[in-house]
Amino acid sequence: MAFFAHQIRRGFSSSAVRNVVIKQVTIIGGGQMGAGIAQVAASTGHSVNLVDTSDDILKKSIKTIEGSLKRVVKKKFADKPEAGEEFIQKVLKNVSTSTDVGSAVQGSDLVLEAIVENLKIKQDLFSRLDKLAPAHTIFASNTSSLPISDISSATNRLDRFGGLHFFNPVPMMKLVEVIGTSTTSQETFDSLLNFSKVLGKTPVSCKDTPGFIVNRLFVPYLYEAVRLYERGHGSKEDIDIAMKLGVGYPMGPFELSDYIGLDTIKFIMDGWREMDPDNTLFAPSELMDKLVAEGKLGKKTGEGFYKYK
C-alpha cells in the first residue's frame, strides 16, 4: 500500500484544487449502472445530474431509480409508509436529467462516466468535457476492463482523473474499486475514496492493471472453468456443483457466465489479450468463441452453456 501511495503521489501534486469535497455529481450514461450510481449518490444527499442522449432514455432511468427505491422502502419503511414515500420524493428531488452534456458538467465536483465499453468513445467524451468542465472537477470512469490511463490520456487533467468501478446492482453491492494511475494526484485519490465511503460503500485501492482486482481474478476463473470442461476434466454440471458446495459460491462458473453474458466475458478477455498477448491467463477458449459466434450468449438469448427455453 505504501508503494502504491508513493506511485500516486508522483502525479501532478499541483492539482487545481486540493481535497475536493464531492457534492455535485454528473453521471454520463443512464443505463443500469448509471441509474444505480445516481440513486445511491442522491440517497446520500448529493446533487446528481444524470445525462444521456435522449429524454426517453432518461425517463426510463428515472423509472428504474423509482422502482428500486420502492423496493428499498418496502424493507426499511415497512411500518411507516408515509415516511417511505417522503424518502422516495427526497431522493428523486436530488436527481435532475439532461441531454446537454456541456451544461450538465458546469459546477460539477465529479463527472463519472458509465457508458459503452469502447475506448475511443470514452476518450472522445472526456476530451470534449475537459474543455467544458471547471478546473477543479474530477473525472472518473466506471470501466470494468479498460485502462484508466488510456482513457485519461485524452484530457489535460491527468492529476484529476481516476477510476470508480461500481458493481451491479449498485444499490445492493457494497464494493467500489478506486483506481489511481501513475499521474492521479493523492488529493484526487483521497477525494474518490472519501466519496465512496460517503455513499456507504467499502472502497478498495487498486492499481491501473487489467481488470483491477475483482475482474482480474474473476474473468480468468470463468475461462479456466471452460478450459477444464474442454479438457474433459469435469462436466459443466459437476464443475458448477463443485464450486457452489466446495467453495460456497452462490452460482457455478457456467451458470454465472450465462447470467453475465458470454459476449461480455469474451469482450473483456479479448481486450486484455490484445494488451498482453503472451499472458497465459488471457488465452482464448475455442468453446467460448464458438458459442459467441453462434449467438448463444447465455440467458439473454435463451442459450449459452445451458438452455433456458
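Predicted model only: the values in this text are computed from it and were never measured. Atoms considered below: every heavy atom in the structure, side chains included; atoms not considered: hydrogens, waters and symmetry mates.
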Please check: side-chain N/O of N142 versus main-chain N/O of G34, any donor-acceptor pairing under 3.5 Å?
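No, N142 side chain to G34 backbone: no donor-acceptor pair under 3.5 Å.
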
E230 side chain to L287 backbone, donor-acceptor under 3.5 Å
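Answer holds: yes.
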
If the threshold is 4.0 Å, N to carboxylate O, is there a salt bridge linking D52 and K60?
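Answer for the salt bridge query: no.
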
Does the distance from a Lys or Arg side-chain N to an Asp or Glu carboxylate O, for K290 and E294, drop under 4.0 Å?
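Here K290 pairs with E294 in a salt bridge, since their nearest N and O are under 4.0 Å apart.
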
Taking all non-hydrogen atoms of both residues into account, name the closest pair between M275 and P147 and its distance.
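Closest approach of M275 to P147, heavy atoms only: SD-CG, 3.5 Å.
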
Is it the case that S149 and S152 place a side-chain donor and acceptor less than 3.5 Å from each other?
no

Option from Y306, F254, F305, Y229 for which side chain to side chain contact (heavy atoms under 4.5 Å, CB included) with E237 holds:
Y306

L69, N94, L199 screened by side chain to side chain contact (heavy atoms under 4.5 Å, CB included) with S43, the one that passes
L69

Does some side-chain heavy atom of M269 sit less than 4.5 Å from a side-chain heavy atom of L222?
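No; the side chains remain at least 4.5 Å from each other.
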
Side-chain contact, heavy-atom cut-off 4.5 Å: D263 with K300?
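Sidechains of K300 and D263: in contact.
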
Classify the ring geometry of F126 against F139: parallel below 30°, tilted from 30° to 60°, perpendicular beyond 60°.
tilted

Applying side-chain hydrogen bond (donor to acceptor under 3.5 Å, both in side chains) to S61 and T64, what does each step give before you reach the verdict?
CA-CA 5 Å; S61 302; T64 297; over 6 Å; no

For K59 and D55, run salt bridge (charged side-chain N to carboxylate O under 4.0 Å, His left out): C-alpha distance rounded to whole Å, both residues' side-chain angles, the deciding distance at 0.1 Å, then the answer.
CA-CA 6 Å; K59 286 177 183 177; D55 288 327; over 6 Å; no

Taking it one step at a time, do R273 and D270 satisfy salt bridge (charged side-chain N to carboxylate O under 4.0 Å, His left out)?
CA-CA 5 Å; R273 190 181 314 113; D270 288 350; 2.9 Å; yes

Consider side chain to side chain donor-acceptor pair (under 3.5 Å). Of K299, K244, K236, which one does E255 pass it with?
K244

